[in-house]
Amino acid sequence: QVQLVESGGGLVQAGGSLRLSCAASGSIRSPNAMAWYRQAPGKQRELVAGIISGGSTNYADSVKGRFTISRDNAKNTVYLQIDSLKPEDTAVYYCNADIITTWGTRVLYWGQGTQVTVSS
């Protein structure tokens, strides 16, 4: 069994910053790609940023220059530093991880989500 636990969301004023964390635990042999998605009310879930085990990253155009994804492979944790927040960044942010389990299976896991609300 593998669990992803997110933290760091909250209410912040426009222009502020937040740091989201997502820790994977359980029967993990190795995490491959890890990513952050978000879903705003009435909208589809969208990819915000991703990072592979080697450290290469990719970002949605809407967040480039403001969001930074990073990971600590020793802790099986992925982070999302969010700067210069805008009201349109308001959403539930979900962590996603492509994990090789100790049983040798490859499974895509999702966290429960953390709410980010940006006031104008």
Let's go through Cys22 and Trp36 carefully: what are the C-alpha distance in whole Å and the side-chain angles of both, what is the deciding distance for side-chain contact (heavy atoms from CB on, under 4.5 Å) to 0.1 Å, and is it a yes or a no? CA-CA 9 Å; Cys22 172; Trp36 288 95; 3.6 Å; yes
Applying the 4.5 Å side-chain criterion to the ILVMFWY set and letting contacts propagate, would Met34 and Ile28 be lumped into a single cluster? no
**Request:** Report yes or no: does Gln81 contribute a side-chain atom to a donor-acceptor pair with the main-chain N or O of Thr68 at less than 3.5 Å?
**Result:** no
Sorted by chain and residue number, the side-chain contact (heavy atoms from CB on, under 4.5 Å) partners of Gln115 (sequence neighbours excluded) come out as Thr90, Val92, Thr117
Between Ser70 and Val78, the two heavy atoms sitting closest are O-CG2, 3.2 Å
For Thr105, the side-chain hydrogen bond (donor to acceptor under 3.5 Å, both in side chains) test, sequence neighbours excluded, returns Thr101
Quick one: does NZ or CZ of Arg45 land under 6.0 Å from the six-membered ring centre of Tyr94, within 45 degrees of the ring axis?
yes
Nearest heavy-atom approach of Leu18 to Gly8 is CD2-O, 3.7 Å
To the nearest 0.5 Å, atom CD of Gln44 lies from atom CZ of Arg38 at 14.0 Å
Should we count CD of Gln3 as having more than 12 external heavy atoms under 6.0 Å?
no
For the pair Thr114 (side chain) and Gly9 (backbone), establish whether a donor and an acceptor sit closer than 3.5 Å, ignoring hydrogens and angles.
-> yes
inquiry  = Looking at Ile69, is its backbone amide N or carbonyl O close enough to the side chain of Tyr59 to form a donor-acceptor pair, meaning the two atoms are under 3.5 Å apart?
reply    = yes
Residue pairs passing the side-chain hydrogen bond (donor to acceptor under 3.5 Å, both in side chains) test with at least one member in residues 15-32, sequence neighbours excluded, are Ser17-Asp83
Exercise for review: Would you check if the side chain of Gln39 reaches a backbone N or O of Ala91 as a donor-acceptor pair within less than 3.5 Å?
Suggested key: no
Exercise. Under a 4.5 Å side-chain heavy-atom rule over Ile, Leu, Val, Met, Phe, Trp and Tyr, are Val118 and Leu11 clustered together?
Worked result: no
In short, salt bridge (charged side-chain N to carboxylate O under 4.0 Å, His left out) pairs touching residues 54-71 with sequence neighbours left out are Asp61-Lys64, Arg66-Asp89
Sorted by chain and number, sequence neighbours left out, ring-ring contact (aromatic ring centres under 6.0 Å, His included) with Tyr37 holds for Trp110
OG of Ser119 to CG of Leu85, rounded to nearest 0.5 Å, is 10.0 Å
Residue pairs meeting salt bridge (charged side-chain N to carboxylate O under 4.0 Å, His left out), one or both in residues 98-120, sequence neighbours left out, come to Asp98-Arg106
Taking every heavy atom of Leu80 against every heavy atom of Ala49, the minimum-distance pair comes out as CD1-CB, 4.2 Å
Quiz item: Honestly curious: do Val107 and Leu4 fall in one hydrophobic cluster under the side-chain, below-4.5 Å linking rule?
Solution: yes
Minimal heavy-atom distance between Asn76 and Pro31, with the atoms involved, is OD1-CG, 3.3 Å
Closest non-hydrogen atoms of Ala14 and Ser120, given as atom of the first, atom of the second and distance, are CB-CA, 4.3 Å
Any donor and acceptor pair, going by atom type alone, linking the side chain of Ser62 with main-chain N or O of Ala60 inside 3.5 Å?
no
**Study point:** Contact check, side chains of Asn96 and Leu108, non-hydrogen atoms, under 4.5 Å
**Key:** yes
Separation between CZ (Phe67) and OG (Ser84), nearest 0.5 Å, reads 9.5 Å
Heavy-atom closest pair (Val48 atom, Val63 atom, distance to 0.1 Å) is O-CG2, 3.6 Å
